[in-house]
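A quick note: this is a predicted structure, and the numbers were derived from the prediction, not measured.
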Amino acid sequence: MNISILTPDTGRKLMSMKRLPDVKRGILNTRRYILTTVMLLIFSTMYAQQFSVQSFRQLPNDISAYIQPVKDLNDEACALIKIVGSRDFAFSTPLGIVKRKNDIGETWIYVPRGTTQITIKHPQWGVLRDYRFPSPLESRLTYELVLSAPSVSIPRRRIPPMENTAVSDPHTYELTIQQLPVPEWRRPRRPKEKAAWLIMPSMGLHRQEAAGGIRLAWMRRHGIYMHALSDFRTTPSTYGQECDKNGLLPGSALPPYYSGKSEKSYYALTAGGIHRIVGNFCLYEGIGYGARTVVWQTDEGTYLRNSDYSSQGLTAEAGAMLRLRRFAFSVGAITTGGKYWMMNLGLGIRL
């Protein structure tokens, strides 16, 4: 007959022996969790493929945008971006895409002048949003944007070795003129803009007086114009007699009696140059001859020319013009002798 007596030490040993499998099971579960996490990270890294912009630069020798310009809704020539990459890419800009052309090995997109950023999308590789250019794009200039595709492992086909790989005699290669670098002085010049005629009716304003006229211009980037302005009124002959703003005749201390009636007339003829500064914004300036005449009637029915309110001689004008498609708007100022000033407004059409 065996009698076992349990002591405190013996109990603790039995409890520790029962806990050993649970500890081992917990360690195995922890290892499984760690291994699963590592595998997920590895696979997510392998399949998280993204594209990027490898380079962006201006092509100073490329005149594609000069020879074949594409114009936007404002009748202004666009900038051309030649994108080297897959044709599956889609593009958008804040100012829009005017035209897209799929060429061999690259995609041409025409964007409005002043474009500063572009968004690139791909059905498999995701979106590259708001890529910003180093500077705003200019009209009639060509740029190149190279996209780098994600690295994808492609199985290579084994190519059998060639039987005879020895070079028997060296070959000489000749470069054509098109392949040689072109010096700057031989590069093609910027093509001239197409000449256009401009007919613009105008209006001159001075306080409560108004005059109408017409401006005829011929221009490319720079041009010339003629401008005629008149209020279509005449004044009676004064036979050389004048008075000042107080009604006094030269050498007289007392003024004659006036009836209170006065007559006014104005005309000006100027010519000058007109220049396109940037986009459709233009400036013009010109000189010519003009005369503004004010006469007062006396009680005797004769007329005296008021020398202080009249002016004649050199006439100068300057202003700005904005072209929108076939229409043009102008605002400027014209002066005769530096004494008489008028604000000049115009609305015309390009032929």
Side-chain angles (χ1 to χ4, degrees), residues 197-219 222-275 282-322 328-349:
W197 287 92
L198 175 68
I199 298 179
M200 175 178 288
S202 61
M203 176 180 292
L205 301 175
H206 175 80
R207 296 181 181 176
Q208 297 180 354
E209 303 175 16
I214 189 168
R215 189 189 309 272
L216 179 64
W218 178 90
M219 63 180 302
H222 303 278
I224 56 176
Y225 76 91
M226 291 188 62
H227 185 203
L229 193 66
S230 174
D231 60 1
F232 305 101
R233 291 186 296 184
T234 58
T235 55
S237 176
T238 60
Y239 303 100
Q241 298 183 9
E242 294 184 349
C243 65
D244 59 13
K245 61 182 179 180
N246 297 319
L248 296 175
L249 279 68
S252 175
L254 296 175
Y257 292 99
Y258 293 96
S259 64
K261 182 180 179 181
S262 63
E263 300 287 343
K264 301 175 184 178
S265 66
Y266 175 80
Y267 71 89
L269 180 63
T270 60
I274 183 170
H275 322 279
C282 308
L283 294 178
Y284 68 87
E285 73 287 335
I287 58 174
Y289 180 83
R292 196 240 183 175
T293 305
V294 178
V295 296
W296 288 357
Q297 186 185 40
T298 64
D299 285 343
E300 299 175 355
T302 61
Y303 288 89
L304 302 177
R305 178 179 179 272
N306 193 302
S307 59
D308 290 332
Y309 295 138
S310 301
S311 61
Q312 64 179 6
L314 179 65
T315 300
E317 69 170 339
M321 181 183 300
L322 180 63
F329 308 88
S330 71
V331 58
I334 183 170
T335 179
T336 301
K339 295 172 59 178
Y340 184 69
W341 291 81
M342 297 187 75
M343 184 177 69
N344 192 267
L345 304 175
L347 172 61
I349 186 171

Cut-off 3.5 Å, no hydrogens considered: what does the side-chain donor-acceptor table look like for residues 266-275, sequence neighbours left out?
| unit_1 | atom_1 | unit_2 | atom_2 | d |
| --- | --- | --- | --- | --- |
| T270 | OG1 | E317 | OE2 | 2.7 |
| H275 | ND1 | H222 | ND1 | 3.0 |
| H275 | NE2 | E285 | OE2 | 3.0 |

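- Of all the heavy atoms in S307 and E242, the pair that sits closest is CB-OE1, 3.8 Å.
- For T235 against K264, the heavy-atom pair with the smallest separation is CG2-C, 3.7 Å.
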Point to revise | Audit row: T293, T238, side chain to side chain contact (heavy atoms under 4.5 Å, CB included) steps and yes/no | key: CA-CA 11 Å; T293 305; T238 60; over 6 Å; no
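- Sorted by first then second residue, the ring pair (Phe, Tyr, Trp, His ring centres under 6.0 Å) pairs that include residues 285-317, not counting sequence neighbours, are Y258-W296.
- Closest of all the heavy-atom pairs between P256 and G247 is CD-O, 3.4 Å.
- At distances below 3.5 Å, at least one donor-acceptor pair connects side-chain atoms of T335 with backbone N or O atoms of Y340.
- The two atoms that bring A217 and Y225 nearest to each other are CB-CB, 3.6 Å, heavy atoms only.
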Review point. Does the side chain to side chain contact (heavy atoms under 4.5 Å, CB included) test come out yes or no for H227 and T315, once each step is laid out?
Key: CA-CA 11 Å; H227 185 203; T315 300; over 6 Å; no
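- Distance alone, capped at 3.5 Å, places no donor-acceptor pair between the T336 side chain and the Q312 backbone.
- Nearest heavy-atom pair, A328 versus M200, reported as atom, atom and distance to 0.1 Å: O-CE, 3.6 Å.
- Under a 3.5 Å cut-off, the side chain of K339 and the backbone N or O of S310 do form a donor-acceptor pair.
- The minimum heavy-atom distance between M342 and A211, with the atom names listed, is CE-CB, 4.0 Å.
- In this structure, N306 contributes its side chain and V295 its backbone to no donor-acceptor pair below 3.5 Å.
- Note that the OG atom of S202 and the CZ atom of R215 stand 6.0 Å from one another [nearest 0.5 Å].
- Open room surrounds CD1 on I287; 12 or fewer heavy atoms of other groups in view lie less than 6.0 Å from it.
- Pairs passing the salt bridge (Lys or Arg N to Asp or Glu O under 4.0 Å) check and including a residue from residues 290-301, sequence neighbours excluded, read E209-R292.
- Under a 3.5 Å cut-off, the side chain of N246 and the backbone N or O of L248 do not form any donor-acceptor pair.
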